[in-house]
There are 2 protein chains.
Amino acid sequence: MSNPFLEVVSQFTPLSAGSQSALAAVLKRLELEKGHVLVRQNTVCQWVYFIEKGLTRTYYYKDGKDVTDWLSAEGQFAVSISSFMTQQPDRRIVELLEPSVLWAISHTDLENLYQQHHDIERLGRLLASHGLLLVQQRFDELHFATALERYRNLMALNPTLIQRVPLGMIASYLGMTAETLSRMRAQI
Amino acid sequence: MSNPFLEVVSQFTPLSAGSQSALAAVLKRLELEKGHVLVRQNTVCQWVYFIEKGLTRTYYYKDGKDVTDWLSAEGQFAVSISSFMTQQPDRRIVELLEPSVLWAISHTDLENLYQQHHDIERLGRLLASHGLLLVQQRFDELHFATALERYRNLMALNPTLIQRVPLGMIASYLGMTAETLSRMRAQI
DNA sequence: TTCAGATTTTGACAATTATCAAAGGATAGA
DNA sequence: TCTATCCTTTGATAATTGTCAAAATCTGAA
């Protein structure tokens with residue numbers, strides 16, 4: 001199994017040879033430069049992207065201010081979740097923070113695969129469940145943690161992100177201003 | 001289709017007659033009094049509950065303080081999500097805020113149904129996806145909204161909750177203290 | 001109906017975090 | 001190498017929200 005996407009997802013559930021080749025047949029490999037926009041504002045997200053190499057940021061504008069919603073790196077997925085799931089436009093923008101190698105599947109292809117392969121439908125369920133847990137973890141962190149606790153948490157769980165992503169975006173990701181994060185970093 | 005659970009879930013995806021009866025065969029109807037604990041602290045959540053009538057609260061203790069994580073009413077589900085999905089103990093407690101009529105499915109039964117019925121696996125995927133959207137909505141709200149915005153949002157989206165749930169729990173659900181919510185309510 | 005206990009409100013004050021502004025550093029292209 | 005631009009830091013101040021305490025109100029059981 002030479003495809004990194006198949007390697008990662010088969011850790012969620014084993015896939016039959018047929019399902020693997022059906023998936024491989026619709027996967028598109030992309031090499032894109034830093035700054036490339038995967039999903040434009042207020043459009044329908046038609047693709048889900050698996051990151052072989054690189055880094056993506058999902059963000060939106062709230063009252064004119066740039067809010068970093070999500071960051072994804074190697075082995076993870078980048079997508080405007082609500083838009084992909086509902087096939088409705090969404091304010092979320094997905095862009096590359098680094099030159100990246102991605103594997104893309106279209107919504108249409110994925111729906112067809114779900115219809116035809118029970119094990120791929122299962123994979124979809126497990127990936128959605130896993131995504132739910134990730135969002136819940138971030139929600140918990142925001143729910144009653146101080147700015148310092150949130151920063152410490154990120155340092156513990158994902159220290160490399162702090163080196164790869166500009167401070168202002170990390171701050172926004174953590175729900176605080178760049179000034180607050182800068183001060184926190186100074187006093188640790 | 002006289003089962004309220006089947007009526008609601010069939011809005012996500014149509015189920016074959018066989019899948020419907022297989023689901024009906026493992027569903028257990030429960031009538032429980034207010035205050036009943038569905039999921040105890042630090043135990044594995046073995047059941048997912050569909051609410052025909054009533055109201056549940058999911059909460060946990062953070063630094064000795066009671067944090068209301070989620071509220072579910074008629075037509076929704078109550079579960080300690082991460083515990084149910086991972087089958088690991090979790091700090092979340094699920095209790096009834098009102099006398100309730102519930103339909104329960106065990107994790108084991110559900111896994112078997114997923115194996116045997118592609119359309120139930122699909123239902124699971126769609127319910128997980130839908131849950132993901134709900135958590136994401138709450139996350140967005142917490143991310144860069146003020147306490148007043150969050151309260152207004154709840155009044156707009158779910159005004160009945162405010163009448164059915166004690167103020168202190170609503171405040172915690174919204175990520176603020178009871179005093180702050182009380183003051184907000186006074187000045188509107 | 002009455003009362004004990006729980007919940008909500010109000011007040012005074014403190015802590016946290018945001019905002020605005022300006023200075024200091026880093027970075028990439030000419 | 002130089003410079004324009006962007007990013008980060010620092011300072012002063014303001015706004016928001018939390019904490020602690022006490023009073024007011026509500027609720028349910030005897």
Both conditions, 6.0 Å and 45 degrees, for the charged tip of B:R125 above the ring of A:Y114: are they met here? yes

Taking only the side-chain heavy atoms of A:T177 (C-beta and beyond), determine which of D:dT19, C:dT19, D:dT17 contains the nearest atom. C:dT19

So if I take every side-chain heavy atom of A:R183 and compare against D:dT9, C:dT19, C:dA18, which nucleotide ends up nearest? C:dT19

Can you measure B:E179 atom CD to C:dA6 atom P for me and round it to whole angstrom units? 17 Å

Side chain of B:R150 (C-beta onward), nearest among D:dT17, D:dT9, D:dT8: D:dT17

The side chain of B:A147 lies closest to which of these nucleotides: C:dT8, C:dT17, D:dT17? D:dT17

Pick the closest DNA chain D nucleotide for A:A178 and for B:T146 by heavy atoms, then say which residue is nearer the 5' end. A:A178

Picking from C:dT17, D:dG18, D:dT9, the nucleotide nearest the side-chain atoms of B:M176 would be D:dG18

Knowing that exactly one of B:R91, B:R57, B:R92, B:K62 qualifies, which makes a salt bridge (Lys or Arg N to Asp or Glu O under 4.0 Å) with B:D69? B:R92

What is the distance, to the nearest angstrom, from the CG atom on B:L174 to the C1' atom on D:dG18? 16 Å

What's the CG-P distance between A:L97 and D:dC6, to the nearest Å? 17 Å

Whole-Å distance separating the NZ atom of A:K65 from the C1' atom of C:dA18: 8 Å

Rounded to whole angstrom units, what separation is found between the CD1 atom of A:I170 and the C1' atom of D:dC7? 14 Å

Whole angstroms only, please: what is the CZ-P distance between B:R185 and C:dT8? 7 Å

Separation of C:dT17 C1' from B:L142 CG (nearest whole Å): 15 Å

Of the listed nucleotides C:dT7, D:dT17, C:dT10, the one nearest the side chain of B:A186: C:dT10

Report the residue (A:L181 or A:F144) whose heavy-atom-nearest nucleotide on DNA chain D is the more 5′ of the two. A:L181

Within 45° of the ring axis of A:F5 and under 6.0 Å from its six-membered ring centre, is that where the NZ or CZ of A:R29 lies? no

Could you check how far CG of B:L167 sits from C1' of C:dT9, rounded to whole Å? 9 Å

For the residue pair A:Y61 and A:Y59, categorise the inter-ring angle as parallel (less than 30°), tilted (30 to 60°) or perpendicular (more than 60°). perpendicular

